[in-house]
Asks: 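Take a look at this one; I'll ask things after.
Reckoned from all heavy atoms, side chains included, excluding hydrogens, waters and symmetry mates. Within every chain, numbering begins at 1; the chains are lettered A, B, ... in the order of the sequence lines, protein sequences first and strands thereafter.
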Amino acid sequence: MSEAFYVTTPIYYVNAEPHIGHTYTTVVADMLARYHRLRGEQCFMLTGTDEHGDKILEVARERGTTPEAVATEYAQLFQQTWDQLGIQYDRFIRTTDPDHRVVVQSILQKVYDAGEIEFKEYEGLYCVGCERFLTDRDMVDGLCRDHERAPENRSESNYFFKMGDHFSWLAETIENNPDFIRPERYRNEVLAMLSEESGLGGELCISRPKERLDWGIELPFDDRYVCYVWFDALINYLTGVGYPDQSEFETFWPAAEHIIGKDILKPHGVFWPCMLHAIGAPLPRHLNVHGFWNLDNRKVSKSLGNLISPIAMDERYGFEAFRYFLLREMVFGQDSSFSEPLLIARINADLANNLGNLVSRTLNMTNRFADGVVPTPGAQEEAEAVIEKTAARVAAEVDEHVLSLRPQRALESIMGLVDETNRYLERREPWKAAKDPDRAGQVPTTLYTCCESLRITAVLLSAFLPKTSQEILSRLGLDSPLEEASLHDLTRWGLLQSGLPTVKGPPLFPRVDVPEESK
RNA sequence: GGCGGCGUAGCUCAGUCGGUUAGAGCGGCGGCUUCAUAAGCCGUAGGUCGUUGGUUCAAGUCCAACCGUCGCUACCA
């Protein structure tokens, strides 16, 4: 019986096309799922789309179509994008999925029956143009900021989830489980939110009257209303693994790892735990919060247009390179900046010059000095032992860093093995040794060591750069895809068999020339 | 207004419980090399660790104030 691992991305709201933010979250989740799968855990990755709410209705009206059509169009766009980029999700959930509707309604009913949902009248200033109530912030001189008209006094009744009742429990739980929300800074923010709102009790409006919004899941206890925003969105994490009865639910839910951006910390750090507590469900294992990508303030080459679309990045640089950049450049939890020159610098330094070039020189020499097959190594000397030790150390470091959600550190570590191997090659200089009768005997050992180092590099890299990893293995004569649960075995030194036919192949990552305009 | 983060070499950042000459990567510069994607390897960068005061035998590393910067929040229905 293996351990379980359940990773989720947020469900993306269907009012925008996939961009760098969506892509980062999704890539992190995909990387984790792949890594844990390789580690032998039973894995499930969930992603999808959030499709209800006024904005979708608005768009549908503007276009003279239905919200269903708008939602479907974007949902497909997201799904096709992930498919095209090779994201290995296990389910793509939509908040309009029938099974999700059932789950949401059953949970609403359950919370309602428990007396945790209250019906209350709210009176406030309502802007007809905005079709919503305004706050002080929305107004300038008593007029609606957007519509420059006076709001009218209106009252409306709605259902409220009394989540404040769970605040003290939640605060205590977070204190007692220091790494539930990570990195630490976000845990502190959530604790701050809980104490700030204690004064008002913390009520979450979870409904909208149908006159105002009918695009949503109907409340099971009042058909004049639909469920509003976060309530039905968050529940997708449960629906995705078969809440409440299916066996996968018990397996996966307690092992849940949510990956989110810091913009949705409050719903995930406050609303969600309260909801779960209200229905008696355990909390996910971790709430993992990442920062934002700052897009470069300066010049963006115009010809590119939609620069940060993952599809555009794929076309221009290859998705593996973009994916590498995302995982390597951002310290999980902190903001990072993205720009084309930064991306290019990373590609050239790490992927082309170090990794790609090592693959080229190794395979080229294997071709020239070892008849194109993995040679049979002789006895190891100190230089070889260094590589073997480094490989073992790096494998351990990668494991540690992935588990503690430091993808950038894991990649740094892997690149350290590549560097060490480049250095080793310099030390052995097989291109000279091959021509020197006294040293020619060591060449097979040297090349074997490089090939083996590359094999382990590829294994370690497989969750990060799946296609590249497969390509390297394939060039080393290892064509079958990596099997689940093989990580531990495959990182052992000396597994590569002699005699396998190698393929030199074209450069793995061609150097990217820096365009004139970007100085 | 309240709370919090950040401010370390040109750039991006590491710097654990305070303790020998403050580190890495990239870029730049000098050299070596030619198997390789003009890639690689070796050497080099002398930075008031935002400012000013404290605590201490000893402070990027703790405290205070200030400056700069970013974020969250102020009863968003």
Asks: Between C1' on rA36(B) and CG on Asn422(A), what's the gap in Å once rounded to a whole number?
Replies: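 That distance rounds to 9 Å.
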Asks: From rC35(B), rA77(B), rA39(B), pick the nucleotide closest to the side chain of Glu426(A)?
Replies: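 Shortest atom-to-atom distance from the side chain points to rC35(B).
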Asks: How is Ile206(A) classified with respect to the nucleic acid when contacts are heavy atoms under 4.0 Å: base, sugar-phosphate, or nothing?
Replies: nothing
Asks: Base, sugar-phosphate or nothing for Phe509(A)? Non-hydrogen atoms, less than 4.0 Å.
Replies: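 The residue Phe509(A) makes base contact.
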Asks: Looking at every strand, decide which applies to Arg187(A) at a 4.0 Å heavy-atom threshold: base, sugar-phosphate, or nothing.
Replies: nothing
Asks: How is Arg368(A) classified with respect to the nucleic acid when contacts are heavy atoms under 4.0 Å: base, sugar-phosphate, or nothing?
Replies: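 Sugar-phosphate contact only.
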Asks: Could you check which of rU34(B), rG25(B), rG40(B) has an atom nearest any side-chain atom of Arg346(A)?
Replies: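 Output: rG25(B).
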Asks: Contact class for Lys432(A) vs. all strands (heavy atom < 4.0 Å): base, sugar-phosphate, or nothing?
Replies: sugar-phosphate
Asks: Against Arg475(A), only a single residue in Thr366(A), Thr502(A), Val359(A) fulfils side chain to side chain contact (heavy atoms under 4.5 Å, CB included); can you say which?
Replies: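 Of the listed residues Thr366(A), Thr502(A), Val359(A), the side chain to side chain contact (heavy atoms under 4.5 Å, CB included) partner of Arg475(A) is Val359(A).
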Asks: For atom P, what is the distance between rG28(B) and rA65(B), given to the nearest Å?
Replies: 44 Å
Asks: Counting side-chain heavy atoms from CB outward, which of rG40(B), rU33(B), rC41(B) is closest to Asp419(A)?
Replies: rC41(B)
Asks: Parallel under 30°, tilted from 30 to 60°, perpendicular over 60°: which one fits the rings of Phe319(A) and Phe322(A)?
Replies: tilted
Asks: How is Arg423(A) classified with respect to the nucleic acid when contacts are heavy atoms under 4.0 Å: base, sugar-phosphate, or nothing?
Replies: sugar-phosphate
Asks: Considering every strand and a 4.0 Å limit on heavy-atom distances, what is the contact class for Ala352(A): base, sugar-phosphate, or nothing?
Replies: base
Asks: Determine the interatomic distance between C1' on rU55(B) and the same-named atom on rU8(B); round to the nearest Å.
Replies: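 Their C1' atoms lie roughly 23 Å apart.
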Asks: Take the protein atom CG of Leu342(A) and the nucleotide atom P of rC11(B), then report the distance between them rounded to whole Å.
Replies: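 From Leu342(A) CG to rC11(B) P: 13 Å.
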Asks: Round to a whole Å and report the spacing from CG of Leu355(A) to P of rG25(B).
Replies: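 Value for this atom pair: 18 Å.
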Asks: Classify the side chain of Asn357(A) and the base of rA36(B) as holding, or not holding, a donor-acceptor pair under 3.5 Å.
Replies: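 Side chain to base: pair present.
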Asks: What nucleotide among rC13(B), rU37(B), rC35(B) has an atom nearest to a side-chain atom of Gln334(A)?
Replies: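 Nearest to the side chain of Gln334(A) among the choices is rC13(B).
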Asks: To the nearest Å, give me how far apart CD (Glu400(A)) and P (rU16(B)) are.
Replies: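 To the nearest whole Å, that distance equals 16 Å.
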Asks: Describe, in one word, how the ring planes of Phe221(A) and Tyr112(A) are oriented to each other, choosing from parallel (under 30°), tilted (30 to 60°) and perpendicular (over 60°).
Replies: parallel
Asks: In whole Å, measure the gap between the C1' atoms of rU34(B) and rG47(B) for me.
Replies: 36 Å
Asks: I'd like to know if Glu384(A) pairs up with Arg428(A) as an ion pair, taking the criterion as any Lys NZ or Arg NE/NH1/NH2 lying under 4.0 Å from an Asp or Glu carboxylate oxygen.
Replies: yes
Asks: For atom CD of Gln497(A), is the number of surrounding heavy atoms from other residues, nucleotides or ligands below 6.0 Å larger than 12?
Replies: no
Asks: Between Ala349(A) and Glu329(A), name the one whose nearest nucleotide on RNA chain B is closer to the 5' end.
Replies: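 Nearest-nucleotide comparison on RNA chain B picks Glu329(A).
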Asks: With rounding to whole Å, what would you report as the distance between rC42(B) and rU33(B) at their P atoms?
Replies: 15 Å
Asks: Any idea if rG60(B) is syn or anti, going by the 90°-from-0 cut?
Replies: syn
Asks: Identify the two heavy atoms, one from Gly356(A) and one from Leu508(A), that lie closest to each other, and give their separation to 0.1 Å.
Replies: CA-CB, 4.1 Å
Asks: What's the gap between rG60(B) and rC70(B) when it is taken at their P atoms, as a whole Å value?
Replies: 28 Å
Asks: Check the distance between rA36(B)'s P and Asn353(A)'s CG and give it to me in whole angstrom.
Replies: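 After rounding, the reported distance stands at 15 Å.
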Asks: Give me the one residue out of Phe338(A), Tyr24(A), Phe464(A) that meets ring pair (Phe, Tyr, Trp, His ring centres under 6.0 Å) with Phe325(A).
Replies: Phe338(A)
Asks: Looking only at atom P, what distance separates rC49(B) and rC72(B), rounded to whole Å?
Replies: 31 Å
Asks: Take atom CD1 of Ile414(A) and atom P of rG25(B), then tell me their distance rounded to the nearest Å.
Replies: 18 Å
Asks: If pairs are Watson-Crick or G-U with both distances under 3.5 Å, what is the dot-bracket string of RNA chain B, marking crossing pairs with [ ] and pairs to another strand with |?
Replies: (((((((..((((.....[...)))).(((((.......))))).....(((((..]....))))))))))))....
Asks: Indicate, with a heavy-atom threshold strictly under 4.0 Å, whether Asn354(A) touches base, sugar-phosphate, or nothing.
Replies: sugar-phosphate
Asks: Checking all strands, does Asn188(A) fall into the base, sugar-phosphate, or nothing category for heavy-atom contacts under 4.0 angstrom?
Replies: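 Result for Asn188(A) = nothing.
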Asks: Is the phosphate of rA36(B) approached by Asn364(A) (side-chain N or O, under 4.0 Å from OP1 or OP2)?
Replies: yes
Asks: Between the side chains of Glu426(A) and Asn422(A), does any donor sit under 3.5 Å from an acceptor?
Replies: no
Asks: Using atom P of each nucleotide, how far apart are rG46(B) and rC63(B) to the nearest Å?
Replies: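 Comparing P positions in rG46(B) and rC63(B) gives a spacing of 33 Å.
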Asks: Can you tell me how far apart CD1 (Ile235(A)) and SG (Cys227(A)) are? Round to the nearest 0.5 Å.
Replies: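 Reported to 0.5 Å precision, the distance equals 6.5 Å.
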Asks: Determine whether a donor-acceptor pair (N or O, by modelled atom type, separation under 3.5 Å) exists between the side chain of Glu51(A) and the backbone of Val14(A).
Replies: no
Asks: From CD of Glu420(A) over to P of rC41(B), roughly how many Å is that when rounded to an integer?
Replies: 10 Å
Asks: Between rA77(B), rC72(B), rU33(B), which nucleotide gets closest to the side-chain atoms of Trp431(A)?
Replies: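 Output: rU33(B).
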Asks: Using heavy-atom distances to pick each residue's nearest nucleotide on RNA chain B, tell me which of Lys504(A) and Glu156(A) is more 5'.
Replies: Lys504(A)
Asks: Tell me what Phe369(A) touches on the nucleic acid: a base, only sugar-phosphate, or nothing, going by heavy atoms under 4.0 Å.
Replies: nothing
Asks: Determine the interatomic distance between P on rG5(B) and the same-named atom on rG43(B); round to the nearest Å.
Replies: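 Comparing P positions in rG5(B) and rG43(B) gives a spacing of 39 Å.
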Asks: Atom CD of Glu412(A) and atom C1' of rC26(B): how far apart are they, to the nearest Å?
Replies: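 Result: 12 Å.
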